[in-house]
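Start at 1 with the first residue, then count along the sequence.
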Amino acid sequence: MLNFSVGPVQMDESILSIGAEQVPYFRTSEFSAIMQENERLILSFCNASSDCRCVFLTGSGTASMEAALSNLLSKEDKVLVVDGGSFGHRFVQLCQIFEIPHETISLEPGCPLTAEKLEPYADGGYTAFLVNLNETSTGVLYDLDLISGFCAEHGIFLLVDAISAFLAESIDFEKHKIGAMLIGSQKALAVPPGLSIIVLSEEAQDRVARATPRSLYFNLAMALKDGERGQTPFTPVVGVLIQLNARLRQIDSIGVEAETARIAAQAQDFRKKIANLPLTVFTESLGNTVTPLEVSGSSSAKDVFSILKDEYGIWVCPNGGSLAEKVFRVGHIGNLTFSDNDALVSAMEDLVKKGILR
């Protein structure tokens, strides 16, 4: 199968081969050294200062979202949430569960966040801002410079879900004054799912220290303490963390800027090659991670997904809800090449000939 989904993504053979090895015991100095190197490289890749820390959670990206909100925010906060798709809405759901006072900036699917849409919230007394930077359900990349400037001007703690954006976009933790950032293993890091990472600024660590624990497993104070010795409070996804180490070293050998440029080129090449197909890009606010494509007329996006999977051995991403029949998504992260783009475009041209895309 050729994998154009946005997670799990196509992995490099050298990373895959590590997954076939025996998983070692982890309460050792050797594993601690791997964990400490993982933390150092993650902080380096997002330009976080030496005072920042990483927490490695065994759980999907939603686990890091829940851990972040339960440890960093409380009933004393007033939170502003960007709700422009299913992942942004997940922040809203978590605020409701933890009874965190919040308001939402509700955006129509595919719509960007503009300065005009932020302006009404300028003097609202907000203490935190939550954004899913790359809303992969619709393909929208929000303007981090705009959001960062707004938060800095009004003294707001910025929590960025960069699960789909990390490595695919240029994110500067220090420049953008990010308070906390979430990363997922199965996106541009291109290792198996089951691991999420929270990057914590000094301010975020202070918030953790003051928080009343609301979970044992997601207690970030415990995780930070154990992280000082390169360990985790509970059994982690050991094999994936070893694969992560190999992948981080791989990225470090070429440079994070080169990896981001490679993903950007992959996206640009694909978009150029589909110019003559009966498809419309669903949003103008595109990032490098994914291209959302709207079918025309009586074509069915669900049928496109199913036929590509079953008859051509190619995975793309379907959509749910109101967009299920209208939009499918093509990812550009993972171990993909321009020739892989050619294979997908050729398959879609075949669907045009068969009248499935029209």
Can you name the residues that form a ring pair (Phe, Tyr, Trp, His ring centres under 6.0 Å) with F234, not counting sequence neighbours?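 With sequence neighbours excluded, F234 shows a ring pair (Phe, Tyr, Trp, His ring centres under 6.0 Å) to Y217, given in chain and number order.
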With a 4.5 Å cut-off on side-chain heavy-atom distances among I, L, V, M, F, W and Y, is there a chain of contacts connecting [X] to [Y]?
X    : Y    : value
I178 : I156 : yes
L107 : V79  : no
L141 : I263 : no
V92  : L182 : yes
V6   : F4   : no

Note: [X]-[Y] ion pair, threshold 4.0 Å (strictly below):
X    : Y    : result
K225 : E228 : yes
R247 : E259 : yes
D269 : K273 : yes

Distance check, rounded to the nearest 0.5 Å: [X] atom [atom1] versus [Y] atom [atom2]?
X    : Y    : atom1 : atom2 : result
L69  : C95  : CG    : SG    : 5.0 Å
S346 : L351 : OG    : CG    : 10.0 Å
L244 : I34  : CG    : CD1   : 10.0 Å

Under 4.5 Å between any side-chain heavy atoms of [X] and [Y], yes or no?
X    : Y    : answer
L224 : V208 : yes
F129 : V81  : no
L241 : V191 : no
P236 : F31  : yes

Work out which heavy atom in T235 is nearest to a heavy atom in T58; give both atom names and the distance.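 Scanning both residues, the minimum pair turns out to be O-OG1, 4.0 Å.
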How close do A180 and L72 get, heavy atom to heavy atom, and via which atoms?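 Taking A180 first and L72 second, the nearest heavy atoms are CB-CD1, 3.7 Å.
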Check each of L130, N132, L159, D161 against M65 using the side chain to side chain contact (heavy atoms under 4.5 Å, CB included) test, and report the only one that passes.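 Checked L130, N132, L159, D161 against M65; only one passes side chain to side chain contact (heavy atoms under 4.5 Å, CB included): D161.
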Please enumerate all residues that pass side chain to side chain donor-acceptor pair (under 3.5 Å) together with R229, with sequence neighbours excluded.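 Checked R229 against side chain to side chain donor-acceptor pair (under 3.5 Å); zero matches.
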Counting only pairs under 3.5 Å, give me each side-chain donor-acceptor contact of residues 43-50, with atom names and distances, residues two or more places apart or in other chains.
from, atom 1, to, atom 2, distance (Å)
N47, ND2, D172, OD1, 2.8
N47, ND2, D172, OD2, 3.1
S49, OG, D51, N, 3.3

Donor on one side chain, acceptor on other, [X] and [Y], under 3.5 Å:
X    : Y    : answer
N134 : T289 : yes
E325 : S300 : yes
Q205 : R53  : no
D77  : Y126 : no
E37  : N245 : yes
T283 : S285 : no

Is there a donor-acceptor pair closer than 3.5 Å between any side-chain N or O of [X] and the backbone N or O of [Y]?
X    : Y    : result
R329 : T136 : yes
E39  : C54  : yes
S299 : R358 : yes
T260 : A168 : no
E135 : G84  : no

Around atom [atom1] of [X], are there more than 12 heavy atoms of other residues, nucleotides or ligands at under 6.0 Å?
X    : atom1 : value
D310 : CG    : yes
E119 : CD    : no
R249 : CZ    : no
D145 : CG    : yes
K302 : NZ    : no

